[in-house]
Enquirer: 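Dropping the structure in here first, questions after.
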Amino acid sequence: MAHIFEEPSRTFSEYLLVPGYSSRECRVENVSLKAPVVKFKKGEDPAIQMNIPLVSAIMQAVSGDRLAIALAKEGGISFIYGSQTIENQVEMVKRVKDHKAGFVTSDANIRPDQTLADLLELKERTGHSTTAVTEDGTAEGKMVGLITSRDYRISRMSMDEKVCNFMTPFEKLIYAKAGVSLSEANDMIWDNKLNALPIIDENQRLTHFVFRKDYDTHKAYPDELLDEHKRYVVGAGVNTRDYEERIPALVDAGADVLCIDSSEGFTEWQKVTLDFVRKKYGDSVKIGAGNVVDKEGFEYLAEAGADFVKVGIGGGSICITREQKGIGRGQATAVIDVAKARNEYYEKTGVYVPICSDGGIVYDYHMTLALAMGADFLMLGRYFSRFDESPTAKLTINGSYVKEYWGEGSNRARNWQRYDMGGDSKLSFEEGVDSYVPYAGPLSDNVRQSLQKVKSTMCNCGVLTIPELQKESKVTVVSATSIVEGGAHDVILRDTSGNNNR
């Protein structure tokens, strides 16, 4: 007969943290949320470490290049979704890597023979008032001029006025040559009282802009995650089908870390993919694997060479794998079990393989619980899909703003590779749904608030780092009745939606 686990598998909502002694040093500003991303040996530092323990899910509705830049600014990593052509995924990765901290690739460009009407339409579409004028109207074209809002007056000009007649011509521009440092570029901006400084290569092509406003923005993101070239760190998802073509293309594009995107990772297909990476690149290319929910799955992928292991099957808000196939495990139990296996593997081998909890996060406090239970970092889908920077459309449903959100196992995504068991190249049945999530605004505001809660809870537990949280925190199972007790109960809530709230 099948092996039967004696204990039920549990979710994060079935646990609470018990407060510990808090010294006067336990203040939110003293808490560090640094987290290792890839494996490392005892006594060494990981090659990649995040400043916050959050990564975005490998999903069409979540991880595009805009969200990748926004999350890197906060100190985390996005994994650009792989359920698209290799060429499109590579372009997304390149856009993130080209968006150096402070160096912005131009996405508002116009030809000199176009009109003021064309310029205003471009401004409406992009929201940018600084526009590069290039010979062919692309960011790669030869730069011939620049337009800012000071160069034209809508009330005094014809909509048919040619751009070349009111732009600032190239010979009158102050610009920097490609290779200039951000510090040098900012000095030029301040010395010359500029709002924007074009960066030009030897062929008079625009490579980047540096903006005065971004100097303050740069200071506003003290945790931004950068590589050695001051570019934002970005990840990318791969599958076990076209990895021989996709992985080299992503590595050449500059992806810092890869992850095999699969609903179930305890398979030979993942080992074959990891073997390919190790044979071709050794340890220079970092790649995670998963998903697993128990000790055996973790040990298999760790031995196969995974740089980190993703934990969780069926716990995502749009995932119906458990409903369709009856496989999976409660996310809290899975994390606890795999974390124990990770620690045992570390004691035995001296190699620490980080684990990523993927799915099951409903409330912000679940983040703290997952970390306390042993997760090194968390992968979130629904959470990030709600923000301005996610790739999906913002709609109005019944008077409320929402954003579209669909699973990779849905017919909409048709990401059959994620559920590949070696058979036909198709999605036999759905393992995800198509849905909406409440719109929540900018990523930065929400992430900072969520992590403020995590830090505050850590202080309640008397710890200042994630390793301390894992070692020192106390976690208790709660009954159904105590879950009810934890919310508002036995009171009549005041209606604050109208004016009758005096």
Side-chain angles (χ1 to χ4, degrees), residues 3-7 9-10 15 32 34-50 53 55 235 240 257-260 262 264-313 328-359 369-379 463 465-475:
H3 172 77
I4 307 296
F5 288 92
E6 296 297 327
E7 291 293 321
S9 65
R10 299 184 182 276
Y15 291 92
S32 168
K34 289 185 180 295
V37 180
V38 297
K39 65 184 178 184
F40 58 93
K41 293 180 180 178
K42 185 179 292 186
E44 297 180 356
D45 293 325
I48 302 176
Q49 182 173 250
M50 291 186 293
V55 301
T240 57
V257 58
L258 307 175
C259 183
I260 302 173
S262 176
E264 204 273 294
F266 195 179
T267 71
E268 185 177 357
W269 306 111
Q270 296 229 350
K271 185 178 186 304
V272 170
T273 305
L274 292 169
D275 286 344
F276 167 79
V277 171
R278 296 300 170 230
K279 183 177 180 180
K280 186 175 180 64
Y281 299 104
D283 288 328
S284 64
V285 168
K286 307 302 181 183
I287 181 169
N291 288 17
V292 300
V293 293
D294 62 6
K295 175 180 179 179
E296 289 76 15
F298 170 83
E299 291 180 340
Y300 176 80
L301 293 178
E303 289 294 335
D307 282 295
F308 65 87
V309 173
K310 218 145 53 80
V311 181
I313 294 176
R329 202 175 191 189
Q331 188 65 11
T333 299
V335 169
I336 292 169
D337 196 18
V338 175
K340 288 179 181 177
R342 187 242 357 250
N343 293 344
E344 291 171 3
Y345 187 84
Y346 180 52
E347 290 298 318
K348 181 174 67 175
T349 67
V351 177
Y352 188 92
V353 181
I355 63 171
C356 168
S357 176
D358 177 18
L369 275 169
L371 296 170
M373 291 172 178
D376 293 285
F377 58 98
L378 318 174
M379 178 170 279
V463 300
T465 67
I466 293 174
E468 288 177 7
L469 179 69
Q470 293 169 347
K471 182 179 179 181
E472 305 294 340
S473 63
K474 296 173 287 186
V475 177

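In what follows, residues are counted from 1 in the order of the sequence shown.
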Enquirer: Got a second to check how far Thr333's OG1 is from Asp294's CG, nearest 0.5 Å?
Expert: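 One gets 12.0 Å once the value is rounded to the nearest 0.5 Å.
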Enquirer: Under the side-chain contact (heavy atoms from CB on, under 4.5 Å) test against Lys310, which residue among Asn291, Val55, Ile260 passes?
Expert: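 Going through the options one by one, the only one that passes is Asn291.
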Enquirer: Is the number of heavy atoms from other residues, nucleotides or ligands under 6.0 Å of Lys42 NZ greater than 12?
Expert: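 Correct, the count exceeds 12.
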Enquirer: Set out, in order, the CA-CA distance, both residues' side-chain angles and the distance that settles side chain to side chain contact (heavy atoms under 4.5 Å, CB included) for Ile287 and Arg278, then state yes or no.
Expert: CA-CA 10 Å; Ile287 181 169; Arg278 296 300 170 230; 3.8 Å; yes
Enquirer: About how many Å separate CZ of Phe40 and CD of Gln49, when rounded to the nearest 0.5 Å?
Expert: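 Gln49 atom CD to Phe40 atom CZ measures 8.5 Å (nearest 0.5 Å).
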Enquirer: Looking at Lys271 and Ala304, what are the two nearest heavy atoms and their distance?
Expert: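 Looking at all heavy atoms of both residues, the shortest contact is CG-CB, 4.0 Å.
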Enquirer: Would you please name every residue forming a ring pair (Phe, Tyr, Trp, His ring centres under 6.0 Å) with Tyr15, sequence neighbours left out?
Expert: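 Applying ring pair (Phe, Tyr, Trp, His ring centres under 6.0 Å) to Tyr15 gives none.
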Enquirer: Please identify each residue that fulfils ring pair (Phe, Tyr, Trp, His ring centres under 6.0 Å) with Tyr281, with sequence neighbours left out.
Expert: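 Checked Tyr281 against ring pair (Phe, Tyr, Trp, His ring centres under 6.0 Å); zero matches.
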Enquirer: Once side chain to side chain donor-acceptor pair (under 3.5 Å) is applied, do any residues pair with Lys295, and if so which ones, sequence neighbours excluded?
Expert: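 Applying side chain to side chain donor-acceptor pair (under 3.5 Å) to Lys295 gives Glu344.
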Enquirer: What verdict does the side chain to side chain contact (heavy atoms under 4.5 Å, CB included) test give for Glu268 and Tyr300, after you've listed the backbone C-alpha separation in whole Å, the side-chain angles of each residue and the deciding distance to 0.1 Å?
Expert: CA-CA 10 Å; Glu268 185 177 357; Tyr300 176 80; 4.2 Å; yes
Enquirer: Only counting residues at least two apart or in another chain, list the ones meeting side-chain contact (heavy atoms from CB on, under 4.5 Å) with Val353.
Expert: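 Val353 satisfies side-chain contact (heavy atoms from CB on, under 4.5 Å) with Lys39, Phe298, Ala302, Val309, Tyr345, Val351 once adjacent residues are dropped.
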Enquirer: Identify the heavy atoms of Tyr352 and Pro36 that sit nearest to each other, and give their distance.
Expert: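 Where Tyr352 meets Pro36 most closely, the heavy atoms are CE2-CG, 4.3 Å.
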Enquirer: Indicate the atoms forming the closest heavy-atom contact of Gln470 with Ala375, along with that distance.
Expert: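 What the structure gives for the nearest pair is NE2-O, 3.0 Å.
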Enquirer: Does Ser357 reach the main-chain N or O of Leu378 with its side chain, forming a donor-acceptor pair under 3.5 Å?
Expert: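 No, Ser357 side chain to Leu378 backbone: no donor-acceptor pair under 3.5 Å.
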Enquirer: Partners of Lys286 by side-chain contact (heavy atoms from CB on, under 4.5 Å), sequence neighbours excluded?
Expert: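 Counting only residues at least two positions away or on another chain, Lys286 forms a side-chain contact (heavy atoms from CB on, under 4.5 Å) with Val38, Ala47, Ile48, Val257, Asp283, Asp307.
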Enquirer: Is it true that atom CD of Glu44 has more than 12 heavy atoms of other residues, nucleotides or ligands lying nearer than 6.0 Å?
Expert: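 It does: Glu44 CD has more than 12 such atoms within range.
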Enquirer: Does the Gln331 side chain pair with the main chain of Ser9, one donor and one acceptor, at a distance under 3.5 Å?
Expert: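 Between the backbone of Ser9 and the side chain of Gln331 there is no qualifying donor-acceptor contact (under 3.5 Å).
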Enquirer: Mind checking side-chain contact (heavy atoms from CB on, under 4.5 Å) for Lys280 and listing every partner two or more places apart, or none if nothing turns up?
Expert: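 Partners of Lys280 by the side-chain contact (heavy atoms from CB on, under 4.5 Å) criterion, ordered by chain and then number, come out as Pro248, Phe276.
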Enquirer: Under the side chain to side chain contact (heavy atoms under 4.5 Å, CB included) rule, what do Arg10 and Ile336 come out as? Steps first, then yes or no, please.
Expert: CA-CA 10 Å; Arg10 299 184 182 276; Ile336 292 169; over 6 Å; no
